[in-house]
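The next block holds one structure in the form of structure tokens; read it before the comments.
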Protein chains: 2
Amino acid sequence: MVVSRERIVRSAAKMFLTRSYASVGISDLCTAADVHKGSFYHFFASKAELAKAVVDLHAAEFDRRFAEAKGLYAVAGAVADVQGAFEEKFGRIVGCPFGNLAAELSTTDDELRVHVAAVFDRWEKRLVAACEQAPLRDGVEPEQLARMILAQIQGQILIAKVRLRPATEIAAGIRALISANLKEPG
Amino acid sequence: MVVSRERIVRSAAKMFLTRSYASVGISDLCTAADVHKGSFYHFFASKAELAKAVVDLHAAEFDRRFAEAKGLYAVAGAVADVQGAFEEKFGRIVGCPFGNLAAELSTTDDELRVHVAAVFDRWEKRLVAACEQAPLRDGVEPEQLARMILAQIQGQILIAKVRLRPATEIAAGIRALISANLKEPG
DNA sequence: CGCCCTCTTGACTGGTCGGTCAACTAGGTC
DNA sequence: GACCTAGTTGACCGACCAGTCAAGAGGGCG
């Protein structure tokens, strides 16, 4: 059934977020997903392949949320919503699913690195589009601002994770960056 | 001798940067540091203790660099210098030593998380001081801007690592953030 | 019924992991 | 010389790791 594969990916997504990639063993994972080892390797050639599938799962979820968000501030809101949902589910900020995996694996698993890079590229493109439609202050380039917003999102999330700060603080930082670059801070 | 302990920490710092914490085994490490396992455990109670020592090593290096940097733009320059040095040494952006370890371990090793959080706190305090002496645009709070700069640094480094971009791009993002919040962009 | 195919089961493997240990060396001190 | 301490050596440990595999279950289809 499709169900088993999905259970595996969803369990992995949860466990990679609350622990880390390396600290989750295939056996742990199979127990959590109520699946046996052989089944796991029926669906995935390796643990690394699973990581890519987890990225795809999160990317699909993010795509859905971002499609609804119109305007720069809505992007900040979408990030805050997602992080807030994680916070509620896990009791703390657990980091960005992409950023976490990228930070841990991008030096050792180039395929995953490229996979995450593609997510960031798509994300940035959408930000550029939103920037182009916003009333930016003179001299502010949409591409430059989009990259700054993406970095701000990743940085705020990482710092909130390390400091155990609430998701609301993440959103505040992103909004402040946006308003600093608009003609009429809204 | 003191030399052995130092060789271990320096090797670990290098290997954690170019690979990751989990992917470096104690045996790998001992080989690289030309030390035997027993010696390692003479100096460190566990691998986790080593991680803290590595953070301390990097923190000392950063403190030295930052002490010289006067003014907000100098901070951006200091970050660029450090990342540029890593880039030259390793042939690519390998990430922030603190951010990398924090991202990988802060959910599973609370002591390390606190250790890195302290580094960020000190770093931020210095940024606040620099912001207070800078001609900020009206309505910009030094504390808020300092947190944004810290997040921008971490985010830019992480994204550069994932995308394999040069260190110069990191500096550009940080400088753009600063100039967007100054009265007279320099 | 027999055949195929997808999915499942769980025992198994070889290797690596972090960590332990008892024996040893080398200086310093009295 | 006797003793202490700091550092070194490398064999050793049990646990766990990612990954394998042969056997089977069960549904669809002729």
Side-chain angles (χ1 to χ4, degrees), chain A residues 1-57 100-101 104-113 115, chain B residues 1-57 100-101 104-113 115:
Chain A
M1 308 183 203
V2 186
V3 181
S4 283
R5 200 196 122 100
E6 205 171 298
R7 269 208 315 278
I8 294 170
V9 181
R10 298 195 100 87
S11 294
K14 192 180 297 191
M15 294 172 87
F16 288 169
L17 267 176
T18 52
R19 304 201 218 297
S20 68
Y21 176 77
S23 74
V24 175
I26 307 282
S27 300
D28 296 347
L29 213 124
C30 289
T31 304
D34 197 30
V35 150
H36 291 260
K37 258 224 180 118
S39 287
F40 175 88
Y41 281 99
H42 173 71
F43 292 109
F44 301 97
S46 67
K47 195 185 178 187
E49 286 298 314
L50 170 67
K52 289 203 276 182
V54 167
V55 168
D56 290 338
L57 175 70
N100 286 351
L101 286 172
E104 183 174 354
L105 298 175
S106 64
T107 47
T108 50
D109 182 340
D110 206 61
E111 276 192 41
L112 185 101
R113 201 212 86 235
H115 216 69
Chain B
M1 309 185 206
V2 187
V3 182
S4 283
R5 200 195 121 101
E6 203 171 300
R7 269 209 313 279
I8 294 170
V9 182
R10 297 196 101 86
S11 293
K14 191 180 295 191
M15 293 171 89
F16 288 169
L17 267 176
T18 52
R19 306 202 218 297
S20 68
Y21 176 78
S23 74
V24 175
I26 306 282
S27 301
D28 296 347
L29 213 123
C30 289
T31 304
D34 196 30
V35 150
H36 292 261
K37 244 193 189 158
S39 287
F40 175 89
Y41 281 99
H42 174 72
F43 293 109
F44 301 97
S46 67
K47 196 185 178 187
E49 286 298 314
L50 170 67
K52 288 203 277 183
V54 167
V55 168
D56 290 338
L57 175 71
N100 286 351
L101 286 172
E104 183 174 354
L105 299 175
S106 64
T107 48
T108 49
D109 182 340
D110 206 59
E111 277 191 42
L112 184 101
R113 202 212 85 236
H115 216 70

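Numbered from 1 within each chain, the chains take letters A, B, ... in sequence-line order. Everything numeric in this text was worked out from a predicted model, so none of it was measured.
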Legend entry - Atom pair distance, as rounded to whole Å: CZ in A:Arg19 and P in D:dC17: 11 Å
Inset, instruction - Using atom CZ of B:Arg7 as one end and atom P of D:dG7 as the other, report the distance to the nearest whole Å. - result: 13 Å
Legend entry - Interatomic distance where CG belongs to B:Asp28 and P belongs to D:dC17 [whole Å]: 18 Å
Inset, instruction - Give a yes or no answer on whether the side chain of A:Glu104 reaches the backbone of A:Tyr21 with a donor-acceptor pair at less than 3.5 Å. - result: yes
Inset, instruction - Using a 4.5 Å cut-off on heavy atoms from C-beta on, say whether the side chain of B:Leu17 contacts that of B:Asn100. - result: yes
Legend entry - Nearest listed nucleotide, side chain of A:His36, among C:dT8, D:dG19, C:dG10: C:dG10
Legend entry - A:Met15 CE to D:dC17 P, straight-line distance once rounded to whole Å: 10 Å
Inset, instruction - Would you mind reading off the distance between A:Asp109 atom CG and D:dA18 atom C1', rounded to a whole angstrom? - result: 14 Å
Inset, instruction - Hey, which sits more toward the 5' end of DNA chain C by its nearest nucleotide, B:Ile26 or B:Gly38? - result: B:Ile26
Inset, instruction - With DNA chain D as reference, determine whether A:Ser39 or A:Ala22 sits nearer its 5' end, using the nearest nucleotide of each. - result: A:Ala22
Legend entry - Close side-chain approach of A:Glu111 to A:Glu49, heavy-atom, < 4.5 Å: yes
Legend entry - D:dG10 phosphate, OP1 or OP2, under 4.0 Å from B:Lys37 side-chain N/O: no
Legend entry - Nearest-Å distance for atom pair CG/P, residues B:Asp34 and D:dG7: 17 Å
Legend entry - Proximity to the side chain of B:Phe43 - top-ranked nucleotide from D:dA18, D:dT9, D:dG7: D:dG7
Legend entry - Distance, rounded to the nearest Å, where A:Tyr41 contributes OH and D:dA18 contributes P: 6 Å
Inset, instruction - Taking only the side-chain nitrogens and oxygens of A:Ser46, find out if one of them lies under 4.0 Å from OP1 or OP2 of D:dA18. - result: no
Legend entry - D:dA18 phosphate, OP1 or OP2, under 4.0 Å from A:Ser27 side-chain N/O: no
Legend entry - Residue closer to the 5' end of DNA chain C, B:Ala45 versus A:Val35 (nearest nucleotide): A:Val35
Legend entry - Euclidean distance, atom CG of residue A:Leu29 to atom P of D:dC17 [Å, nearest integer]: 11 Å
Legend entry - Options C:dT9, D:dT9, C:dG19, nucleotide nearest the side-chain atoms of B:Lys47: C:dG19
Inset, instruction - Check whether any side-chain N or O of B:His42 sits under 4.0 Å from OP1 or OP2 of D:dT8, and answer yes or no. - result: no
